[in-house]
Amino acid sequence: MSQITCIGAGYVGGPTMAMLALHCPEHNFTVVDINEERIQRWSSDNLPIYEPGLLEVVQQARGRNLFFSNDIPTAIQQADIIFVAVNTPTKAFGEGAGKAADLQYWEKTARDILTHARQPEVIVVEKSTLPVRTAEAMSRILSSGSSHSQFSVVSNPEFLAEGTAIPDLQEPDRVLVGGEENVFGRRAARTIADLYGHWIVKDRILLTNVWSSELSKLVANAMLAQRISSINSISALCERTQANIGEISRAIGMDRRIGPHFLQASIGFGGSCFRKDILHLSYLCEYYGLPEVADYWASVVRINEFQTDRFFKNILKQQFNTLAGKKITLFGFAFKPDTGDTRDSPAISLCRKLLSEHAQVRVHDPRAREETEHDLASMEGDIAFVEDPYEAAYGAHAVALVTQWQQYRDLDYGHILENMMRPAYLFDGRNHLDHQYLFNLGYNVFPLGSAPLTHL
Ligand code: NAD
Ligand code: UGA
């Protein structure tokens with residue numbers, strides 16, 4: 001039996017440890033965090049994150065071999081294996097500001113581990129997404145003091161997506177474990193691989209060197225985001241040429257070499273990772289003297305910003321270039337459906353742009369109320385969250401769909417239209433709704449990447 005500790009009880013630490021605890025009942029898992037409220041909520045049925053199926057998994061293991069605690073020193077002292085799943089945001093200050101990874105939280109955990117570890121051999125697992133060669137820095141810190149423990153650093157990046165975290169963890173495409181190239185390192189990597197081997201077939205568990213593992217994670221996110229920016233860039237061309245982006249996604253996705261996933265045109269990708277990980281990758285390329293490569297990846301983020309801006313400018317243009325005092329309603333604020341997470345959601349920059357034109361902005365989201373209200377509090381202007389979508393759209397000049405929650409397909413758009421200003425506009429930032437039906441009801445419909453349907 002091993003004592004396994006995870007530092008960081010967020011979107012990654014909580015769900016991954018719950019799944020490991022479920023499948024490895026002989027080991028004890030303790031998830032710790034500096035945030036007391038988060039830990040309290042993990043210990044209750046009001047979990048700090050919304051993720052379908054998560055509560056059921058937590059309930060099965062909690063109190064048996066899954067524990068949540070704020071006592072970080074004790075959890076480190078007892079641990080044979082320490083997963084580190086703290087946040088690694090983009091640096092907001094100093095050298096590399098706006099691009100490089102801010103590793104202060106990461107380094108703090110390395111120093112905590114060095115101070116408190118007591119077991120003779122301790123495996124430290126990088127679960128957070130980190131720049132390539134971070135394990136080297138971790139190893140240096142861990143070997144810098146007179147610790148009781150011998151450490152080995154293993155890279156085991158996480159590939160779950162929010163909203164589908166439970167199926168992603170239950171049946172991952174692959175699990176990546178990168179170990180140091182020495183005897184202890186190889187044994188440490190094997191130990192981590194064996195944990196996953198409790199429920200994942202062997203050929204989906206890849207053992208690599210540490211650097212490949214670290215870099216694969218950044219590249220996986222960059223490639224996924226690149227597909228979205230590629231299709232979004234083509235959606236702009238479609239709007240000029242009467243081609244239809246949905247038809248194009250289907251046509252190219254049927255080529256098995258391209259595949260159908262991640263070809264859904266959108267107002268832009270959001271979430272806490274895509275933007276930050278591409279910027280980190282781009283910064284690394286710059287750091288290693290590859291400005292052309294850095295610029296190539298940075299362009300994925302530029303296209304993403306262009307897409308959100310294009311969406312906004314279209315609203316402005318269709319509203320006769322004046323939004324002052326006009327009510328614009330956003331359906332959805334989370335960065336994708338089935339999550340309450342709003343981090344880096346395109347809704348945030350859209351709201352700011354609308355407010356800069358003095359629009360009156362009303363926002364609805366079925367699950368992300370708490371997070372949305374937190375984001376709106378930092379914005380200046382006439383903006384508010386409204387709990388009922390019909391009330392949110394009452395008297396609106398336009399509705400903009402930002403997040404493709406299923407609920408928005410099921411609304412009574414006839415009823416919404418009755419109470420909207422005329423001409424009534426609907427901007428579908430996800431191509432989620434039935435455009436012909438809405439047009440027949442009387443809306444002027446603006447999809448992404450295809451011709452608008454208007455009565456004007
Ligand atoms: P998060 O912000 O939800 O959680 C991180 C937690 O770490 C926070 O609760 C924070 O309080 C805690 N923390 C920070 N410093 C600490 C310290 N010194 N001691 C103890 N706790 C500390 O972040 P997240 O979304 O879970 O992401 C974590 C990492 O995983 C990031 O590197 C991210 O890129 C990566 N990742 C995230 C996802 C995702 O879907 N969110 C998926 C794959 C990988
Ligand atoms: C993404 C990756 O999919 C995960 O593998 C990775 O582990 C994770 O980032 C991470 O490192 O944090 P996530 O951001 O949770 O997961 O969600 P995605 O499903 O990838 O969606 C990201 C954004 O892209 C969302 O805003 C989504 O709406 C958008 N998107 C996705 C599109 O605009 N079009 C698409 O075709 C697909």
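On a predicted model such as this, the values are computed, not experimentally measured, just so you know. Just follow the structure's listing: the first ligand is 1, and inside any ligand the first atom is 1.
Here atom 44 (C) of ligand 1 lies nearest to Thr129 when heavy atoms of Ile39, Asp168, Thr129 are compared. The heavy atom nearest to atom 1 (P) of ligand 1, out of those in Arg38, Glu36, Lys217, Glu51, is found in Arg38. Closest heavy-atom approach to atom 12 (C) of ligand 1 within the set Asp112, Asp33, Ile34, Thr88: this belongs to Asp33.
At least one heavy atom of Cys273 sits under 4.0 Å from some atom of ligand 2. Under a 4.0 angstrom heavy-atom cut-off, Leu160 registers as being in contact with ligand 2. Using 4.0 Å as the threshold, His261 has no heavy atom nearer than that to any atom of ligand 2.
Atoms of ligand 2 lying under 4.0 Å from at least one heavy atom of Glu162, given by number and element, are 15 (O). Residue-ligand proximity, Gln264 to ligand 2, at heavy-atom distances under 4.0 Å covers atoms 32 (C), 33 (O), 34 (N), 35 (C), 36 (O). Which parts of ligand 2 touch Ala161 is read off a 4.0 Å heavy-atom cut-off, strictly below it: atoms 3 (O), 15 (O), 16 (O), 17 (O).
Looking only at protein heavy atoms, the nearest one to atom 43 (C) of ligand 1 is Glu158 O, 3.2 Å. In this structure, atom 33 (O) of ligand 2 lies nearest to the protein heavy atom Ser266 OG, 2.6 Å.
An N or O contact shorter than 3.5 Å links Lys276 to ligand 1 by distance. Checked by distance only, ligand 1 and Lys108 stay at 3.5 Å or farther apart across all their nitrogen or oxygen atoms.
Residues Tyr196 and Asn156 have side chains that bring a donor and an acceptor to within less than 3.5 angstrom of each other.
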